[in-house]
Amino acid sequence: MAVDYTIHEYQLEDVEEMIALGAVMHREGAYHYLPYLPEKLQQLDIDIRSGDRKYGNGWVAKIDGKIIAMYVAFINYYFFCNEKIGSDYFLYVAPEYRNRYPMLAPRLIRQAENWARANGCKEFSPATSVMIHPKVSKVYEFLKYDVIGNLFKKRL
């Protein structure tokens with residue numbers, strides 16, 4: 001199938017639409033019982049852009065100007081040394097595009113990998129804790145990620 005979407009670093013004009021799509025993700029995911037605060041995401045955008053995208057960045061996929069998917073990543077340091085490691089805040093593909101574009105998520109992830117590499121990261125270590133789509137693990141396995149450890153969660 002021909003690709004009719006584009007992927008680019010998100011821009012200021014994308015933020016409100018990303019926040020609206022994030023609300024859809026939030027309702028669909030494992031954290032739906034917690035509040036969704038757009039102002040927190042607006043602050044994340046400010047932090048990313050004010051840091052010249054060196055410690056945080058994001059990408060959107062669009063069709064005809066509409067965001068259909070997004071990925072936001074960040075860089076941190078290992079707790080035991082001064083080397084950098086990349087990770088992600090979230091990956092989301094709108095439900096109606098998941099089966100239509102099976103390579104969309106991998107392409108977004110590769111954008112983040114390239115950015116993390118260019119900013120000195122030794123590894124990229126994304127997580128999947130939102131529990132939206134069972135195929136997310138398969139996407140990372142397809143991209144040759146190793147499964148390490150477990151993520152545990154308990155409501156208090």
Side-chain angles (χ1 to χ4, degrees), residues 1-76 85-116 119 121 124-143 145 147 149-156:
M1 169 175 283
V3 173
D4 56 353
Y5 60 81
T6 60
I7 294 176
H8 64 82
E9 280 186 337
Y10 87 88
Q11 301 299 315
L12 178 59
E13 59 268 14
D14 296 321
V15 173
E16 289 305 317
E17 189 176 354
M18 290 174 75
I19 290 171
L21 187 57
V24 175
M25 176 181 75
H26 180 72
R27 286 189 300 272
E28 188 180 354
Y31 300 105
H32 61 86
Y33 66 95
L34 295 169
Y36 185 75
L37 303 174
E39 59 271 17
K40 289 278 290 188
L41 299 165
Q42 290 164 342
Q43 185 61 52
L44 177 60
D45 162 58
I46 291 167
D47 294 345
I48 287 172
R49 289 184 301 104
S50 68
D52 294 326
R53 299 180 190 259
K54 290 184 190 231
Y55 288 94
N57 206 352
W59 299 266
V60 292
K62 292 183 177 182
I63 294 178
D64 296 328
K66 175 187 173 190
I67 297 174
I68 63 166
M70 55 190 178
Y71 194 45
V72 177
F74 65 93
I75 293 173
N76 208 336
I85 183 170
S87 192
D88 63 345
Y89 288 111
F90 60 84
L91 166 65
Y92 189 67
V93 178
E96 61 270 29
Y97 298 98
R98 291 177 191 158
N99 291 328
R100 183 173 173 189
Y101 299 112
M103 291 304 295
L104 178 52
R107 287 183 176 126
L108 286 166
I109 294 165
R110 285 191 178 121
Q111 293 286 323
E113 290 173 348
N114 292 337
W115 166 79
N119 282 283
C121 289
F124 192 72
S125 181
T128 175
S129 65
V130 180
M131 297 174 25
I132 289 179
H133 200 279
K135 291 183 182 178
V136 173
S137 295
K138 298 291 183 202
V139 170
Y140 288 114
E141 290 170 13
F142 170 78
L143 292 171
Y145 280 79
V147 176
N150 297 289
L151 178 67
F152 299 97
K153 179 178 145 165
K154 176 182 178 182
R155 284 193 201 179
L156 302 176

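Residues: numbered from 1 along the sequence shown.
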> If we only count heavy atoms from C-beta on, is the Tyr71 to Gln111 side-chain gap below 4.5 Å?
Replying inline: no
Stepwise side-chain contact (heavy atoms from CB on, under 4.5 Å) check, Met103 with Phe142: CA-CA 10 Å; Met103 291 304 295; Phe142 170 78; 3.6 Å; yes
Within 45 degrees of the ring normal and closer than 6.0 Å to the centroid, is that where the cationic atom of Arg110 sits relative to Phe124? no
Subject >> Test item: side-chain donor near acceptor, Tyr5 and Arg107, under 3.5 Å >> reply: yes
* Should Met18 and Asp45 count as side-chain neighbours, where that means a heavy-atom distance under 4.5 Å? -> no
For Ile75 and Ala116, the nearest pair of non-hydrogen atoms, with its separation, is CD1-CA, 4.4 Å
Q) How about His26 and Tyr92: do any of their side-chain heavy atoms sit closer than 4.5 Å? A) no
Checking Val139, Leu108, Val72 against Leu91 for side chain to side chain contact (heavy atoms under 4.5 Å, CB included), the one that qualifies is Leu108
*Under 4.5 Å between any side-chain heavy atoms of Val60 and Gln11, yes or no?*
no
With sequence neighbours left out, the residues meeting ring pair (Phe, Tyr, Trp, His ring centres under 6.0 Å) with Tyr145 are Tyr140
CZ (Arg53) and OH (Tyr10) are apart, to the nearest 0.5 Å, by 5.0 Å
* Please examine the side chains of Ile68 and Leu104, heavy atoms only from C-beta on, and report whether any two atoms are closer than 4.5 Å. => yes
Applying side-chain contact (heavy atoms from CB on, under 4.5 Å) to Ala23 and not counting sequence neighbours gives Arg27, Tyr36
Interatomic distance, CH2@Trp59 vs CH2@Trp115, rounded to 0.5 Å, equals 5.5 Å
Nearest heavy-atom contact between Ser50 and Asp47 is OG-O, 3.2 Å
The reported gap from CD in Gln43 to CG in Leu37 (rounded to nearest 0.5 angstrom) is 12.5 Å
dist Gln42:CD -> Leu44:CG (nearest 0.5 Å) comes out at 11.0 Å
Ser87 side chain vs Ser125 backbone, donor-acceptor pair below 3.5 Å: yes
With Phe74 as partner, the option from Phe90, Tyr55, Tyr89 fulfilling ring-ring contact (aromatic ring centres under 6.0 Å, His included) is Tyr89
*Examine distances only and state if a side-chain atom of Asn57 and a backbone atom of Ile48 form a donor-acceptor pair shorter than 3.5 Å.*
no
- Message: Between Arg98 and Glu28, does any NZ, NE, NH1 or NH2 come within less than 4.0 Å of an OD or OE carboxylate oxygen?
- Response: yes
Distance col, row Asn76:CG vs Cys121:SG, nearest 0.5 angstrom, shows 9.5 Å
Smallest heavy-atom separation, Ala69 atom then Leu21 atom, equals N-CD2, 4.3 Å
d(Asp14 CG, His8 NE2) to nearest 0.5 Å is 5.0 Å
Check the pair Ile63, Tyr101 against side-chain contact (heavy atoms from CB on, under 4.5 Å), reporting the backbone distance first and the verdict last. CA-CA 12 Å; Ile63 294 178; Tyr101 299 112; 3.4 Å; yes
Practice task
Look at the aromatic rings of Tyr31 and Tyr33 and report parallel, tilted or perpendicular, splitting at 30° and 60°.
Solution key: tilted
